[in-house]
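All values reported here derive from a predicted model rather than from experimental measurement.
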Amino acid sequence: MSSAEARRTALAAQGFTDASVSGVPDRRQLRRVLARTGLFQLDSVSVAVRAHYMPLFSRLGPYDRDLLDSAAWNPTRRRPRMLVEYWAHEASLLPVADWPLLRWRMRELGDPRRRGNRELLERSPTLPDEILTAVKEAGPLSAGALERELGGGSRAGKGVWWNRSDTKRACELLFAAGELTTATRRGFERLYDLPERVLPPEVLAEEPGAEEASLHLVSRAARAQGVATEPDLRDYYRLSARRSQDAVSELVERGELEPVRVRGWSEQAYLHRGARTPRSVRARALLSPFDPLVWYRPRAERVFGFHYRLEIYVPRQHRRHGYYVFPFLLDDGLVARVDLKADRKSGQLWVPGAFAEPGVDTGRVARELAAALREVAGWLGLHRVRVGQRGDLAPVLRALCD
């Protein structure tokens, strides 16, 4: 394959060549996107919009965010739960049916011999059982409510990032072990509940072994990426090298994956048997830093020639592009990057900086980017796009948005 063919294959696999939606996106379109991406990554940063909402927008355009909220956290009899939280690619929303594929991880993360678990249980040996009892009796509870109910416990570590009570740590341990899950969220605060009150009995009854589950997860990763290296496949669900390599070998033997060489790639690649390679791609999308298309930075650089690093934790004076930067996809390339902030008090989508990639048609990129920014602003209920001074695209983009 040529590198251009690999790029178009990757975009098709992620849903960027699917037919556009007529009317307001609904659960059918949500299922369609989820069949492409496999999961949505969660992240607490809300400077523009929380990460899990953006991939759906990038592929469908404006939609009511209640569509995703109801699928994950606010199910009804008519609209049953489609998504559940767990550690997949970091903290993620994944299809309810895929929860059993991570039971092996629950066993590993919940192992009382793990250092963090062991230390917690040595300090507070009865705390996990007390939490389970409280949730069983009272229904969904936040870590804060449980802390107040159970008296808090000691705090471990230094600094704000590690100032977690033992109650919160025990909740996270029980979540990781699959003994608690998320019933709903209040704002972004997780309310824990027992899995048997959240998930269907048939899902709870499944418990595939680690090898079988890894095979399914690598298969999903391959379908979601179209063409990929083994490390690409491994990263999608954060598998170990051994598990991923064994699964890739098995999938090649079964004919689901075909070894291919991509010109310009130094590593062996694998093409999923269901992958399509369109002749062209006509896409326009702003991408969250945690979009599956770019979340594995080595793949983004290999496929798109796009060197991308999130600079949230870089001191302001050392940031090259900004605090929370969105790549901009146009046709089959990542052509620009935009620092974004939703200023909800003033009703503005604030763009501190906008930067073109080398060799692009900056006039066209600016026009398309201005249209994309206005669409994002309208979706977020903001009435204006305001562009700052940083970046080579900023002057022309500011003229188009004013």
For a side-chain contact (heavy atoms from CB on, under 4.5 Å) check, start with the C-alpha distance between L369 and L397, then their side-chain angles and the critical distance, and finish with the verdict. CA-CA 8 Å; L369 179 55; L397 191 62; 3.9 Å; yes

Could you point out which residue of V135, L141, L180 forms a side chain to side chain contact (heavy atoms under 4.5 Å, CB included) with D193? V135

Determine the interplanar angle of the W73 and H52 rings, folded into 0 to 90°, and report it as parallel if under 30°, tilted if 30 to 60°, perpendicular if over 60°. perpendicular

Are more than 12 heavy atoms, taken from residues, nucleotides or ligands other than E119, located less than 6.0 Å from that residue's CD atom? yes

Just wondering, are more than 12 heavy atoms of other shown residues or ligands nearer than 6.0 Å to CD in E202? yes

Taking the side chain as everything from C-beta on, heavy atoms only, tell me whether Y296 gets closer than 4.5 Å to D235. yes

Can you find a heavy atom in the side chain of L102 that is under 4.5 Å from one in the side chain of L217? yes

Can you confirm whether the side chains of R8 and T17 place a donor and an acceptor under 3.5 Å from each other? no

Start with the C-alpha distance between R59 and F16, add both sets of side-chain angles, then the distance that settles side-chain contact (heavy atoms from CB on, under 4.5 Å), and finish with yes or no. CA-CA 6 Å; R59 290 155 179 79; F16 287 101; 3.4 Å; yes

Separation between OG (S142) and CD (E189), nearest 0.5 Å, reads 4.0 Å

Check whether the side chains of R190 and T182 place a donor and an acceptor atom closer than 3.5 Å, and report yes or no. yes

Pair D331 + R284, salt bridge at N-O below 4.0 Å: no

Could you tell me if the side chain of E211 sits less than 4.5 Å from the side chain of S214, heavy atoms only? no

Side chains of E147 and S165: is there a donor and an acceptor less than 3.5 Å apart? yes

State, with a plain yes or no, whether a side-chain heavy atom of L34 is found less than 4.5 Å away from one of L83. yes

Less than 4.0 Å between a side-chain N and a carboxylate O, is that true for R320 and D339? no

Is a donor on one side and an acceptor on the other found under 3.5 Å between the side chain of R374 and the backbone of R384? no

Closest approach of P259 and Y270, non-hydrogen atoms and distance? CA-CD2, 4.0 Å

Is the terminal nitrogen or CZ of R50 (NZ for Lys, CZ for Arg) located under 6.0 angstrom from the six-membered ring centre of F188 and within 45° of that ring's axis? yes

For a side-chain contact (heavy atoms from CB on, under 4.5 Å) check, start with the C-alpha distance between R386 and V351, then their side-chain angles and the critical distance, and finish with the verdict. CA-CA 6 Å; R386 183 166 64 95; V351 185; over 6 Å; no

dist R7:CZ -> D332:CG (nearest 0.5 Å) comes out at 4.5 Å

At what distance, to the nearest 0.5 angstrom, does CG of L174 lie from CG of L109? 12.5 Å

Taking every non-hydrogen atom, the tightest pair across L194 and E179: CD2-O, 4.1 Å

For P327 and L334, the nearest pair of non-hydrogen atoms, with its separation, is CB-CD2, 4.3 Å

Side chains of S346 and D343, donor plus acceptor under 3.5 Å: yes

Is the backbone of D26 close enough, under 3.5 Å, to the side chain of Q29 for a donor and an acceptor to pair up by distance? yes

Do you know the tightest heavy-atom contact between P292 and T37? CG-CB, 4.1 Å

I'd like to know whether the aromatic ring centres of F57 and W379 sit less than 6.0 Å apart in this structure. yes

Quick check against the 3.5 Å criterion: does D291 have a side-chain atom that pairs as donor or acceptor with the backbone of V294? no

Checking R105 side chain against A88 main chain: does a donor-acceptor pair fall under 3.5 Å? yes

Return the CG to CZ distance between L257 and R223, rounded to the nearest 0.5 Å. 11.0 Å

Can we say R337 and E357 salt-bridge, meaning some charged N sits less than 4.0 Å from an Asp/Glu carboxylate O? yes

Can a donor-acceptor pair be found, under 3.5 Å and without considering hydrogens, that links the side chain of S219 to the backbone of L215? no

Could you check whether D111 pairs with R107 (Lys NZ or Arg NE/NH1/NH2 to Asp/Glu carboxylate O, under 4.0 Å)? no

Return the minimal non-hydrogen interatomic distance between S58 and L286, and the atom names on each side. OG-O, 2.6 Å

Do the side chains of R297 and E301 get close enough for a salt bridge, i.e. N-O under 4.0 angstrom? no

Between E256 and H272, is there a side-chain heavy-atom distance shorter than 4.5 Å? yes

When you measure from the side chain of Q14 to the backbone of L11, do you find a donor-acceptor pair of N or O atoms at a distance under 3.5 Å? no

Could you tell me whether R344 atom CZ has more than 12 heavy atoms of other residues or ligands within 6.0 Å of it? yes

Taking R302 for the side chain and T229 for the main chain, is one N or O donor matched with an acceptor at less than 3.5 Å? no

Aromatic rings F306 and Y308: how do their planes relate, parallel, tilted or perpendicular, breaks at 30° and 60°? tilted

Could you state the interatomic distance from CG (L310) to CH2 (W295), rounded to the nearest 0.5 Å? 15.0 Å

Minimum side-chain heavy-atom gap Y63-L68 below 4.5 Å: yes

Run the numbers on R31 and M82 for side-chain contact (heavy atoms from CB on, under 4.5 Å), then give the verdict. CA-CA 9 Å; R31 288 191 190 93; M82 288 174 57; 3.3 Å; yes

Ion pair E267/R299, N-O distance below 4.0 Å: no

Would you indicate whether the side-chain heavy atoms of P208 and P100 approach each other to under 4.5 Å? yes

Name the one of V314, I312, V325 that satisfies side chain to side chain contact (heavy atoms under 4.5 Å, CB included) with R319? V314

Do the ring planes of W87 and F175 sit parallel (below 30°), tilted (30 to 60°) or perpendicular (above 60°)? perpendicular

Is the backbone N or O of H89 less than 3.5 Å from a side-chain atom of S92, with the two atoms forming a donor-acceptor pair by type? yes

Strictly distance-based, threshold 3.5 Å: is any side-chain N or O of T181 a donor or acceptor partner for the main-chain N or O of P195? no

Could you walk me through whether D98 and Y237 satisfy the side chain to side chain donor-acceptor pair (under 3.5 Å) test, starting with their C-alpha distance in whole Å, then the side-chain angles of each, then the deciding distance to 0.1 Å, before giving a yes or no? CA-CA 12 Å; D98 284 359; Y237 289 95; 4.7 Å; no

Under the salt bridge (Lys or Arg N to Asp or Glu O under 4.0 Å) rule, what do R79 and D66 come out as? Steps first, then yes or no, please. CA-CA 12 Å; R79 299 189 301 177; D66 181 62; 3.5 Å; yes

Derivation of the salt bridge (Lys or Arg N to Asp or Glu O under 4.0 Å) call for R65 and D69: CA-CA 6 Å; R65 278 173 283 172; D69 290 344; over 6 Å; no

Rounding to 0.5 Å, atoms OG (S46) and OH (Y53) come to a distance of 11.0 Å

Is there a side-chain contact between F355 and R390 (heavy atoms, below 4.5 Å)? yes

Look at the side chain of T9 and the backbone N and O of E5, then say whether any donor-acceptor pair between them is shorter than 3.5 Å. yes

For P55 and A51, which heavy atoms make the closest approach, and how far apart are they? CD-O, 3.0 Å

